[in-house]
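Worksheet: the structure to be examined is printed underneath.
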Amino acid sequence: MKVLLCTLFLLLSAIAFTQTSPSAGNVFIITTDGFRWQEVYGGADSMLIRNPDFVKDTSLIKEQYWDADIAARRRKLLPFFWNVIAQNGQLSGNRTYDNNVNVANWYKISYPGYNEILTGYADSKFIPNLAVRNRNRNILSYLNAQKAYQGKVAAFSSWNLLPYILDEQKSSFPVNGGYELLEENEDTINALINQVQQRITPQTHTRHDLLTYESAKAYIEQQHPKVVFIGFGETDEFAHKGQYDQYLQKAHQFDMMLAELWYYVQTDPFYKGNTTFIITTDHGRGRKGAAWRTHGFWVKGSGETWMAMIGPGIEARGELKEKDQTYQKQIAATVSVLLGEHFTANHPVGQPIQLPTAITTINKTAIASATADK
């Protein structure tokens, strides 16, 4: 009996290790600014896509993104989400099923949103969207201080305030935001990107997403970082302008860039089979009518977000339809758990998202054998 009990204890210990041990060696956190859950799960909005106040050519945009069937409609807009992530990962935040993802911060604008995602902390102190150095420790800085990830962390953003949110002055990893020039070091791709950036006028606070993508991808291909943040911004830009057609085009472009990047990591020996994507947004937007253009603590729907995950450590559950509540502040700790680390900071950190892992067949067999021996 003692031998049996010892055997069972060892087997259960092995199972617990199997269930909690991370299997992702690399994590990419990817965001698109202010993109609503309504379009993620419902595709183009039936009222907005027909409204000439928000769409220049309603007939043409409907040919591109409209279908009476909701599944077909959302697949038209986001084919990578619904052909790949829905089959091999999971999507949360469809409020039709009371599966909720929210920001926990009060303000529901970009600086507090990215702070919450990257630090795991919904700071009660209001910091407007201005160039203010963040006092909170972020997951990227923490990981870069760990031996396994030192020198293997990088961040790229279309929005020029990301370097302040990550406190670039104190950070010792590459942070590139807005139209900030890339280090060339005789690199022809970076030199070309810099030439293009310098010729763009006017240079607003948000760089074209394609330039952000090409900058990040070039760095990933050359340096093979293990932890990467990529923040896109044009969905929010065109929403604020009230251009729903361009908002849809930029969302579709975002999906295409995700598809290309996922294909790259699945065909590169360094990343293949050990890279997880966590994809989300920094805030929601207004729910109905003209309110879709804006967001903030005064606009209903602004705290409603969504999340998509795919890769090692993520169970292939597809679209989650059970009642649940997740917050953006849980992302930082989730990244930490996936990488086998324990994120600590100078502030509270949200709990990681529960990521159940299947018990291996060998452990099931071992338990069955031990029980039979009894």
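Numbers here simply count residues along the sequence, with the first being 1.
- Residue Lys76 holds its NZ atom at 14.5 Å from CG of Asp255, rounded to the nearest 0.5 Å.
- The shortest side-chain heavy-atom distance between Ile353 and Met307 falls under the 4.5 Å cut-off.
- Here the closest heavy-atom approach between residue Thr276 and residue Ala24 is recorded as OG1-CB, 3.4 Å.
- Annotation: Trp292 is in aromatic contact with Tyr247 [ring centroid separation under 6.0 Å].
- Both Val153 and Val27 sit in one connected hydrophobic cluster of ILVMFWY residues. Membership requires side-chain heavy atoms under 4.5 Å apart, directly or through other members.
- Looking at Arg135 and Asp123, a side-chain N of the basic residue comes within less than 4.0 Å of a carboxylate O on the acidic one, giving a salt bridge.
- The shortest side-chain heavy-atom distance between Tyr114 and Thr31 falls under the 4.5 Å cut-off.
- Checked by atom type and distance alone, the side chain of Asn105 pairs as donor or acceptor with a backbone atom of Lys108 at under 3.5 Å.
- In the hydrophobic clustering of this structure, Phe238 does not group with Leu211; members are Ile, Leu, Val, Met, Phe, Trp, Tyr whose side-chain heavy atoms approach within less than 4.5 Å, directly or through other members.
- Using modelled atom types, one side-chain atom of Asn99 and one backbone atom of Gly93 make a donor-acceptor pair closer than 3.5 Å.
- The distance from the CD1 atom of Ile200 to the CD atom of Gln195 is 12.5 Å, given to the nearest 0.5 Å.
- Distance check, rounded to the nearest 0.5 Å: CD1 of Ile189 to CG of Asn194 gives 12.0 Å.
- Note on Ile279 and Leu162: separate hydrophobic clusters, where clusters join Ile, Leu, Val, Met, Phe, Trp and Tyr whose side-chain heavy atoms are under 4.5 Å apart, directly or indirectly.
- Using a 4.5 Å cut-off on side-chain heavy atoms (C-beta onward), Thr201 and Gln203 make no contact.
- A ring-ring contact (aromatic ring centres under 6.0 Å, His included) with Trp306 is found for one member of Tyr41, Phe81, Trp37 and no other, namely Phe81.
- With a 4.5 Å cut-off on side-chain heavy atoms, Val227 and Leu140 count as touching.
- Arg287 pairs by the salt bridge (Lys or Arg N to Asp or Glu O under 4.0 Å) definition with Glu304, not counting sequence neighbours.
- Side chains of Thr280 and Gln328 form a contact here, defined as non-hydrogen atoms less than 4.5 Å apart.
- Looking at heavy atoms from C-beta onward, Gln198 lies in side-chain contact with Leu181 at the 4.5 angstrom threshold.
- Checked against the 6.0 Å centroid criterion, the rings of Phe156 and Phe229 do not qualify as a close aromatic pair.
- To the nearest 0.5 Å, atom CG of residue Leu338 and atom CG of residue Leu355 are 5.5 Å apart.
- Counting only N and O atoms by type, the side chains of Asn134 and Asn115 include a donor and acceptor under 3.5 Å apart.
- Side-chain atoms of Ser171 and Ser141 form no donor-acceptor pair, as typed in the model, at a separation below 3.5 Å.
- A cation-pi contact, defined as under 6.0 Å to the ring centre and within 45° of the axis, links Arg50 to Trp66.
- Remark: Lys152 fails to qualify as a cation-pi partner of Tyr149 under the 6.0 Å distance and 45° angle criteria applied to the six-membered ring.
- A donor and an acceptor atom, one from each side chain of Ser110 and Asn129, are nowhere located under 3.5 Å apart.
- In this structure, NE2 in His342 is found 11.0 Å from CD in Gln146, a value given to the nearest 0.5 Å.
- A salt bridge is absent between Lys56 and Asp245; no separation between the charged side-chain nitrogens and carboxylate oxygens falls under 4.0 Å.
- A donor-acceptor contact closer than 3.5 angstrom links the side chains of Gln64 and Gln249.
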Legend entry - From CA spacing to verdict: side chain to side chain contact (heavy atoms under 4.5 Å, CB included), Asn138, Asp167: CA-CA 9 Å; Asn138 63 77; Asp167 194 3; 5.6 Å; no
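- Thr212 and Arg207 are linked by a side-chain donor-acceptor pair at a separation below 3.5 angstrom, with hydrogens and angles left out of the test.
- Side-chain atoms of Trp82 come within 3.5 Å of backbone N or O of Val40 as a donor-acceptor pair.
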Inset, instruction - Could you walk me through whether Ser158 and Asp209 pass the side-chain hydrogen bond (donor to acceptor under 3.5 Å, both in side chains) test, one step at a time? - result: CA-CA 6 Å; Ser158 296; Asp209 284 341; 2.6 Å; yes
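- Donor-acceptor pairing under 3.5 Å is lacking for the side chains of Ser336 and Glu341.
- Remark: Lys288 pairs with no residue by the side-chain contact (heavy atoms from CB on, under 4.5 Å) rule, at least two apart or across chains.
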Distance-only donor-acceptor hits, side chain of residues 84-91, under 3.5 Å, sequence neighbours excluded:
from, atom 1, to, atom 2, distance (Å)
Asn88, ND2, Val84, O, 3.1
Gln90, NE2, Glu315, O, 3.0

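- Under the 4.0 Å criterion applied to side-chain N and carboxylate O atoms, Arg317 and Glu322 are assigned as salt-bridge partners.
- In this structure, Asn83 and Arg75 approach most closely via the heavy-atom pair OD1-NE, 2.9 Å.
- A donor and an acceptor atom, one from each side chain of Asn102 and Gln325, are located under 3.5 Å apart.
- Closest of all the heavy-atom pairs between Arg36 and Arg285 is CG-CG, 3.4 Å.
- With respect to Glu319 and Arg74, a salt bridge is recorded, a charged nitrogen being found less than 4.0 Å from a carboxylate O.
- Legend: residues meeting salt bridge (Lys or Arg N to Asp or Glu O under 4.0 Å) with Glu221, ordered by chain and number and at least two apart, are Lys217.
- Here the straight-line distance linking atom CG of Leu261 with atom CD1 of Ile230 works out to 5.0 Å at 0.5 Å rounding.
- Judged as a ring pair (Phe, Tyr, Trp, His ring centres under 6.0 Å), the pairs with a partner in residues 265-291 (not counting sequence neighbours) are, in order, Phe28-Tyr271, Phe28-Phe277, His224-Phe270, His224-Tyr271, Trp262-Phe277, His283-His295.
- Between the side chain of Asn176 and the backbone N or O of Ser157 there is no donor-acceptor pair closer than 3.5 Å.
- Looking at Ile127 and Pro112, their side chains never come closer than 4.5 Å, going by heavy atoms from C-beta outward.
- Linking Ile, Leu, Val, Met, Phe, Trp and Tyr whenever their side-chain heavy atoms come within less than 4.5 Å leaves Ile30 and Leu143 in two separate clusters.
- Within 6.0 Å of CZ in Phe126 there are more than 12 heavy atoms belonging to other residues, nucleotides or ligands.
- What you find for Ser172 and Asn144 is that their closest heavy atoms are OG-ND2, 3.0 Å.
- Ring geometry for His347 versus Phe343: interplanar angle over 60°, hence perpendicular rather than tilted (30 to 60°).
- Other residues, nucleotides and ligands contribute over 12 non-hydrogen atoms within 6.0 Å of the CD atom of Gln223.
- Hydrophobic clustering keeps Val103 apart from Tyr121 (ILVMFWY residues linked when any side-chain heavy atoms are closer than 4.5 Å, directly or through intermediates).
- When side chains are defined from C-beta on, Ile331 counts as touching Ile278, because their heavy atoms get closer than 4.5 Å.
- Side chains of Tyr97 and Asp324: a donor-acceptor N/O pair is absent below 3.5 angstrom, by distance only.
- Here the two rings, on Tyr107 and Trp298, have centers that are 6.0 Å apart or farther.
- Residue pairs that meet the ring pair (Phe, Tyr, Trp, His ring centres under 6.0 Å) test with at least one member in residues 161-197, sequence neighbours left out, do not exist here.
- If you check the side chains of Asn26 and Asn274, you find a donor sitting under 3.5 Å from an acceptor.
- When the shell of 6.0 Å around NZ of Lys329 is examined, it contains 12 or fewer heavy atoms from other residues, nucleotides or ligands.
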